[in-house]
Amino acid sequence: MQEQKDNEYYVLSPGRALTEEEKGLIWTKSLTHKVSEEERRITNEIKRNWDRGEMKIANVLLEGDAGSGKTQLAKALSANFRLPYTKVTCFADMDKSDIIGAILPVITSDQMERLEPADQAALKALYDSDSFRSSTEILMEALGISREHASAKMKHVLKLAANAAENKAVEYRFYASEIVRAFQNGYLLEIQEPNVIRDAAVLMALNSALEPGGTLNLPMGIVHRHPDFIAVITANRSYAGSRPLNEALRDRIQHSEKMDLPTKEMMMERAKVKIGCEDDEMLDILARVIILLDKTARANAIKGVAGMRSYFYWADAVAQGASARESLYHKVIYKMTTDPEEIKLLEDALEGQGLMWLLDEIPAEPQTKRREDAVEVTTWDIDMDVDSNPDQQAGEEGIRLKKSAESEGSTSVSSDESAELESTDSGKEGTPNYHQANPEPMSEEEKQKERDFRKKLNQVSREIVSDSLHRSVKLIVHRPDYDPNLQEEYGRLSQGLMPVVREIARKTLPLLEHEITAEYAKNQYYGSRFQADSVAYRDFRLFAKKRPPTESPGLVVGLRVDESASMAAFGRLEAAKRAVIAVYEFCQICHIPVLIYGDTADVSRLEQMSIFAYADYDHPDVRDRFRLMGIRARSNNRDGMALRIMAERLAASPKQTKLLISISDGQPKAMEDYTGSLAIQDMQQTLSEYERKEVKFLAAAIGQDKDVISRIYGAERFLDITNLNELPAKLVRIISRYL
C-alpha cells in the first residue's frame, strides 16, 4: 500500500460531483499546518479499507486533552479526502431534536405579527433558509446567540408557532440537523464532545447512523447513509462534566486515537512555522515547561490545560521581548487555574525540575532569530476544543493544625488561631458528632464475617502478586480488630479536622448532585412536566419526570500508608493519622468508595510482608474510622508489593476514575535485597503497568527521602509535604478535584 504523503489528497469517490457550496466547505490546509503521525495513520487506514465492504473505516474517535489538535486533525481529513467539513458541538441538555432535527409549523403573516420581534426574527430566519444547515446553526447566525440558546429558542418558537395556528389546518416543514445533512449528503462530520450529554438515550440515536449501512428514521421518511459519510468523534477525557462514551457507540468506532500533546520536537517545529522564531534553546525550555505543566495538572486533577495554543502565544510573547517567567502566568498558568493552591502545585513542579531558573535565564528582549516570512500567530481555529474553565474557588482557607514539638520546621500557633480549630459540632466531652460515637460491640456473626473477609483478602492479595517478583514473599493481610480504646484518640485527632472536611465536602456535594443525574428524564409516556417540543414526533412520549439520584460518583480512592519504623520520627505518624481521618470522613460524606491500607515488611521470617486493611469498600463498617487509629511505625517497607495489591483492587473497580495516593517518608527497603535500583525498578514498573489500566498515582512525601521518592514517582505524581499540618486538607482537596 502506498503511504500518504504530506499535502496529498485522495478522492474517495472520483465520479462524485460537488456543488460550489459544498466545495466551499472543504477545509484548506494553511501554510503552518504540520502533518502529524495520527493524521498519516488515519488517512492511510481509511484509504486502505475504503473499498473493503464491511472492513471499511468511516467512524473515527479522537480522544484526548483540550488543545491536543483533535479538531485540527478532523479538518485535515476533510482536506485529505476532499470532503465537505461540518460539525456539531454537543452540550449537556441536548435532546433528540438536536440530533435528528425538528418539525416547525409554518404560520401566516397575520399570526406572525402577533409574536414578539425576537421570535419573529427567529421564525423569519428559519422560513427564509434553504435548509442547507441545521435550524440551530441558522438561529445562531441570525440572532448572534450561542448553540445552547439557539436550541432553546428553537423549542420556544416551535411552541409559539403551534399555538398561533389556533386549531386551524397547519403546514409543517422539517428542518434537518447538521448530523442528518452530513449523513445524507456524504460529508465529513465532526461530532464534538458527545460525552457531555447527560441523557444517554440521546446518544443512542446515533448508533444506527454509525452502522456501515445505517439509516435514520425521520418524520419525513427513512434516510440512508451516504457512501462517503465519515464521522469523526472528538472528546475530551476526564474533564468536569464529561462522562464515559456510550458503550454501544464506542463499539461502532472502527479506528481510535489517543490524542496527547505532540512530542517536544514537534511542538518546536510547529512553533517555528507558526511564529517564525528560530531560537531553539528558548523554544526547547518553553516546550519542557508546557509538557511538565500538562502532566502535573492531570496528576493533580487541575481542570485547566497547558496545550499547544498556550505554547504558541507564550513563545510569541517571549520572542517579542516579554519576560519568560512573568508571561508564563498570563499566557499559561492563569489559563489553567487561578486557585492559589493549584498555582503552588504547578510552581513547585517547575521549581523541582529547575525550569523556573531556566526561564529566568532567557533574556527579556526581542529575538533576532526570526524569519521574515513568519505568519501571524493564530490558534488552529477559534472554534477548536475549548479549554476547561477553572471553577475552583480561589483563596480557600487552608487547614491550620498544631504541630507536635518534634515536627520538622516546627512553628508555633497562636492561641487565637488554635481557637479557630474547635469544632462547632462537638459533644459535651469534645467528641465529634459526625458519626455513630459508640458503635455496638461486634456480634459473633459479625466477627465471623470479619474472619471470612480477612481470609478472602489474603487469598486475593496473594493471587495479585503471584506473577511478580514478590511471589515468594510470605504475605499476611490483617483486618485490625475494633478497639474501643482507639475511639478516644480518634476523637482527639478528628475534632479540629472535621469542620474543615465538612466545609470542603459542602462545596463539593452540589457538584456531585449535578454529576449524579440529570434533573428530568425526558421523552416519557407519563410524568410531571409536559414537553411541547415533543408533539411533532407523534410518538406519545410527551412528558418528563423527575429522575431519582441513584448513581454514585465516578471515583474510587485508595490511600496507602507506609508503616515503616521511621514514621515514628518528627510527628509523621500523627500527621498520617490526621490525613487518613480526613480522607476517610470526606469519602464517607461524599459517598466515595475508599480503600485505606497500611503496610510494613520483615516483621518475622514467617511474615515478610504485612498488609493492614483498615477500611475497604467491599466490606464497609462504621467501626473502620476507629481502626484507622491502629496505624503504627513498625519495621521495613516493601512499597512495590503494597502498591501492586491496592492498584489491582482499584483497577477492577467499575468507577471511571481510580486514584491511589501513597503516604511515605522514605525510599523502599526490605530484606533480603529489596532496595536501591531493584526496588525502584519494581515500583516504576508497577506504576507503568497500572497507569495503563487507568489507575492514577500520587505520592505524598513526608520524610527525608523526598528526592528519591520524586525520582521514583516522577515530578507529575509527586507531592512535597514540607509542612505536615497541610497534609490532611491538601489530600482532601486533591480528591475533590477528581470528582
So, do Glu342 and Leu346 sit near enough that their side-chain heavy atoms are less than 4.5 Å apart? no

Between Glu574 and Arg578, does at least one N-O distance fall below 4.0 Å, as a salt bridge requires? yes

Set out, in order, the CA-CA distance, both residues' side-chain angles and the distance that settles side chain to side chain contact (heavy atoms under 4.5 Å, CB included) for Ile712 and Asp639, then state yes or no. CA-CA 11 Å; Ile712 293 174; Asp639 298 43; over 6 Å; no

Any side-chain heavy-atom pair from Tyr614 and Val580 closer than 4.5 angstrom? no

Going by the ring-ring contact (aromatic ring centres under 6.0 Å, His included) test, which pairs reach into residues 441-465, not counting sequence neighbours? Phe453-His619

Minimum heavy-atom distance between Phe697 and Ala647, given as atom pair plus value: CZ-CB, 4.0 Å

CD of Glu446 to CZ of Arg623, rounded to nearest 0.5 Å, is 4.5 Å

Starting at OG of Ser494, measure out to CG of Leu628 and round the result to the nearest 0.5 Å. 10.5 Å

Hey, is CD on Glu694 packed in by over 12 heavy atoms from elsewhere, all under 6.0 Å? no

Arg250 vs Glu63, test: salt bridge (charged side-chain N to carboxylate O under 4.0 Å, His left out). Steps then yes/no. CA-CA 11 Å; Arg250 272 192 179 274; Glu63 193 168 15; 2.9 Å; yes

Distance (rounded to the nearest 0.5 Å) between Leu698 CG and Ile663 CD1: 11.0 Å

When rounded to the nearest 0.5 angstrom, what is the spacing between CG in Leu659 and OG1 in Thr657? 8.5 Å

Note: Leu555 and Ile592 closest approach over all heavy atoms is O-CG2, 3.5 Å

May I ask you to check whether over 12 heavy atoms, not counting those of Lys693, lie within 6.0 Å of atom NZ? yes

Side-chain H-bond candidate by donor/acceptor type, Asp562 with Ser564, under 3.5 Å: yes

Determine the interplanar angle of the Tyr490 and Phe626 rings, folded into 0 to 90°, and report it as parallel if under 30°, tilted if 30 to 60°, perpendicular if over 60°. perpendicular

Side chains of Lys474 and Ser604 in contact at under 4.5 Å (non-hydrogen atoms): no

Heavy-atom nearest pair, Asp599 first then Ile611, reads CB-CD1, 3.8 Å

Tyr597 and Leu457: CA distance, side-chain angles, deciding distance, side chain to side chain contact (heavy atoms under 4.5 Å, CB included) verdict: CA-CA 12 Å; Tyr597 282 13; Leu457 287 180; 3.6 Å; yes

For a quick test of reading the model, state the closest non-hydrogen atom pair linking Ala670 to Asn636 and the distance between them. CA-CB, 4.1 Å

Check this for me: Glu691, atom CD, are more than 12 non-hydrogen atoms of other residues, nucleotides or ligands nearer than 6.0 Å? yes

Under 3.5 Å donor-acceptor, Lys658 side chain and Ser653 backbone: yes

Is there side-chain contact between Glu463 and Glu648, with at least one heavy-atom pair below 4.5 Å? no

Separation between CE (Met646) and CZ (Arg560), nearest 0.5 Å, reads 9.0 Å

Counting heavy atoms not belonging to Lys577, are there more than 12 under 6.0 Å from its NZ? yes

Going by atom types alone, do Asn458 and Arg462 pair a side-chain donor with an acceptor below 3.5 Å? yes

Would you say Lys655 and Pro593 make side-chain contact, with heavy atoms under 4.5 Å? yes

Side-chain contact test, heavy atoms from C-beta onward, threshold under 4.5 Å: evaluate it for His470 versus Met609 and give yes or no. no

List for me each residue that meets side-chain hydrogen bond (donor to acceptor under 3.5 Å, both in side chains) alongside Asp481, sequence neighbours excluded, and say none if there are none. none

Under the salt bridge (charged side-chain N to carboxylate O under 4.0 Å, His left out) criterion, do Asp452 and Lys456 qualify, and how do the steps go? CA-CA 6 Å; Asp452 293 342; Lys456 175 184 175 183; over 6 Å; no

Mind listing the closest non-hydrogen atom pair of Gly630 and Glu563 along with its distance? O-OE1, 4.5 Å

Side chains of Tyr674 and Asp682, donor plus acceptor under 3.5 Å: yes

How far apart are the closest heavy atoms of Asp602 and Ser635, and which atoms are they? O-OG, 3.5 Å

Enter the distance from Arg479:CZ to Lys449:NZ here, rounded to the nearest 0.5 Å. 13.0 Å

Thr600: which residues meet the side-chain hydrogen bond (donor to acceptor under 3.5 Å, both in side chains) condition with it, sequence neighbours left out? none

Cation-pi check for Tyr617 against Arg649: NZ or CZ below 6.0 Å from the six-membered ring centre and within 45 degrees of the axis, yes or no? yes

Kindly say whether Cys90 contributes a backbone atom to a donor-acceptor pair with the side chain of Glu193 at under 3.5 angstrom? no

Please report the C-alpha distance between Leu475 and Met641 in whole Å, then the side-chain angles of each, then the deciding distance to 0.1 Å, and finally whether the side chain to side chain contact (heavy atoms under 4.5 Å, CB included) criterion is met. CA-CA 10 Å; Leu475 165 69; Met641 189 173 183; 3.9 Å; yes

Steps toward side chain to side chain contact (heavy atoms under 4.5 Å, CB included) verdict (Ser468, Arg644): CA-CA 9 Å; Ser468 71; Arg644 178 173 292 274; 3.8 Å; yes

Can any side-chain N or O of Thr296 pair as donor or acceptor with the backbone N or O of Leu293 at less than 3.5 Å? no

Between Asp624 and Arg627, is the closest basic N to carboxylate O distance under 4.0 Å? yes

Identify whether the distance between the nearest side-chain nitrogen and carboxylate oxygen of Asp467 and Arg471 falls below 4.0 Å. no

